[in-house]
> 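Take this structure, written in structure tokens, and hold onto it; I'll ask about it next.
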Amino acid sequence: MRVAVLRCERLPSFVDWEIPDVEALFDDDRRVLDAFAERDVDAEAVAWSRPDVDWDAYDVALLRSTWDYVDHLGEFLDVTGEIARSRCTLLNPVAAVHWNADKHYLDDLARIGVPIVPLVRGTAAEASRLLGAVEDAGWHELVLKPAIGVGGSGVVRTDAAGLADALGAMAPGTEVMVQPFADAIVDEGELSFAFVGGVPSHALRKRPAAGDFRAHGIYGGTVELTDPDPADVAAVSAMLDRLPFDLLYARFDVVRFAGRLAVLELELIEPMLYLGLAPGSAERLADATIARLDSA
């Protein structure tokens, strides 16, 4: 078996500050490569954007740290489509990848009964409608997000007045979504549930740095392994069961909102799984990948 562990060629353009230890961001990749090596699987890191890759030479292309796809979305969708048409098995499946690349997937989640943090969406040119919808909903603290993005890029916490200013500064055709700010992010924290092979693997609690609201390590936030309430595991597992895809891995980023867990983000393409915090998780990912190919 030959596996391409797909990564980015460079960090996405929104990372315009110095990160002291860039290689630490790729810890998940190294751990799963080591797990494959322990199982005598020929696995190597491959930049998804390399033009000279013969995908037929691989049995599996495992999406991992492909974070720069946000800067080259069309090319990324083309490449993943090319992989899916080759003899190589793309994991996650291409239909899930393409669906998850645009935050319109949140609307689909709501339609199939998965709780989400409520949202309104539109373009910057529709500022009046968006502001009216926010006022009608009674939201005071807001989060403004781009329709396509990774790692909290372009996300702004604001109020109605700030929202008007932010939309006014954007190109009219810029597509955005607006959500109420979930207070639980700064007290209970954001919870991330990682699934591997269709079953729960581990859970993480993420908290923002002081003075920030983005629960992500690149902004100084903290991430720790947590022992979740069994009822929460069951609730998020039920969300996974509603998805119309046969997934190798998934990460549900949820927050307690209006008395229940609600999805902030669903990561099916390149989630950090924080394998180093969860003993045995890299091995579970390698084993599930091998099992997926064996059963094909």
Side-chain angles (χ1 to χ4, degrees), residues 28 91-93 95-97 99-121 137-139 141 143 145 150-152 155 177-208 213-217 221-275 277-281 284-285 288:
D28 275 7
L91 296 172
N92 272 323
V97 170
W99 174 77
N100 195 225
D102 185 310
K103 288 187 173 61
H104 280 90
Y105 73 77
L106 289 166
D107 302 320
D108 293 333
L109 290 181
R111 277 192 288 271
I112 62 175
V114 173
I116 67 168
V117 176
L119 62 87
V120 293
R121 67 169 73 248
W139 301 341
E141 287 191 84
V143 177
K145 299 179 179 179
V150 297
V155 178
M177 49 186 263
V178 185
Q179 296 176 293
F181 179 74
D183 292 329
I185 287 176
V186 295
D187 41 47
E188 182 184 22
E190 178 183 312
L191 298 172
S192 291
F193 290 80
F195 292 81
V196 173
V199 298
S201 172
H202 55 283
L204 305 150
R205 189 182 305 277
K206 300 188 289 187
R207 289 190 172 94
F213 66 97
R214 295 163 297 185
H216 198 296
T222 60
V223 182
E224 61 183 2
L225 192 68
T226 190
D227 185 14
D229 187 304
D232 289 344
V233 177
V236 183
S237 296
M239 298 178 191
L240 178 69
D241 289 343
R242 288 183 177 272
L243 299 183
F245 306 111
D246 184 14
L247 301 168
L248 176 69
Y249 58 86
R251 195 188 81 202
F252 283 82
D253 295 340
V254 299
V255 66
R256 218 167 294 280
F257 186 87
R260 63 179 180 175
L261 292 181
V263 173
L264 281 169
E265 304 276 354
L266 169 59
E267 300 280 359
L268 304 182
I269 302 176
E270 32 52 85
M272 288 180 110
L273 297 175
Y274 300 94
L275 303 177
L277 295 179
S281 56
R284 286 193 289 274
L285 181 57

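What you see is a predicted model; the values in this text were computed from it and never measured.
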> How long is the gap from NZ on Lys145 to CD on Glu265, to the nearest 0.5 Å?
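Interatomic distance, Lys145 NZ to Glu265 CD, rounded to 0.5 Å: 4.5 Å.
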> If you measure from CG on Leu243 to CZ on Phe252, what distance do you get to the nearest 0.5 Å?
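Leu243 atom CG to Phe252 atom CZ measures 4.5 Å (nearest 0.5 Å).
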> Of all residues at least two apart in sequence or in a different chain, which pass the salt bridge (Lys or Arg N to Asp or Glu O under 4.0 Å) check with Asp107?
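Arg121.
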> Are any side-chain N or O atoms of Tyr249 and backbone N or O atoms of Ile269, one a donor and one an acceptor, separated by less than 3.5 Å?
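Answer holds: yes.
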> With rounding to the nearest 0.5 angstrom, report the CG to CG distance, Leu273 to Leu204.
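Going from the CG atom of Leu273 to the CG atom of Leu204 covers 8.5 Å.
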> Locate the shortest heavy-atom distance separating Ala262 from Val117; write the atom from each residue and the value.
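Looking at all heavy atoms of both residues, the closest pair is CB-N, 3.7 Å.
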> How many angstroms lie between atom CG of Asp232 and atom CG of Leu261, to the nearest 0.5 angstrom?
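These two atoms lie 4.5 Å from each other.
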> Applying side-chain contact (heavy atoms from CB on, under 4.5 Å), run through Phe195 and Ser237 and close with a yes or a no.
CA-CA 9 Å; Phe195 292 81; Ser237 296; 3.5 Å; yes
> For residues Pro118 and Trp139, determine if any side-chain heavy atom of one lies less than 4.5 Å from a side-chain heavy atom of the other.
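Yes - at least one pair of side-chain heavy atoms lies under 4.5 Å apart.
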> Using the side chain to side chain donor-acceptor pair (under 3.5 Å) definition, which of the options Lys206, Arg256, Arg205 pairs with Glu190?
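Running side chain to side chain donor-acceptor pair (under 3.5 Å) over Lys206, Arg256, Arg205 with Glu190 returns exactly one hit, Lys206.
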> Do Tyr105 side-chain atoms and Leu266 backbone N/O form a donor-acceptor pair below 3.5 Å?
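The answer is yes, because a donor-acceptor pair under 3.5 Å joins these two groups.
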> Between atom NE2 of His104 and atom CE of Met177, what is the distance when rounded to the nearest 0.5 Å?
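Result: 9.5 Å between the selected atoms.
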> From Met272 CE over to Leu277 CG, what is the distance, rounded to the nearest 0.5 angstrom?
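The distance works out to 10.0 Å.
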> Measure from the side-chain N and O atoms of Arg251 to the backbone N and O of Glu267, and report whether any donor-acceptor pair falls under 3.5 Å.
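No.
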> Is the CG atom of Asp227 crowded by more than 12 outside heavy atoms at less than 6.0 Å?
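At most 12 heavy atoms, drawn from other residues, nucleotides or ligands, come within 6.0 Å of this atom.
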> Minimum heavy-atom separation for Leu240 and Leu247, please, with both atom names.
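Reported closest heavy-atom pair: CD1-CD1, 3.9 Å.
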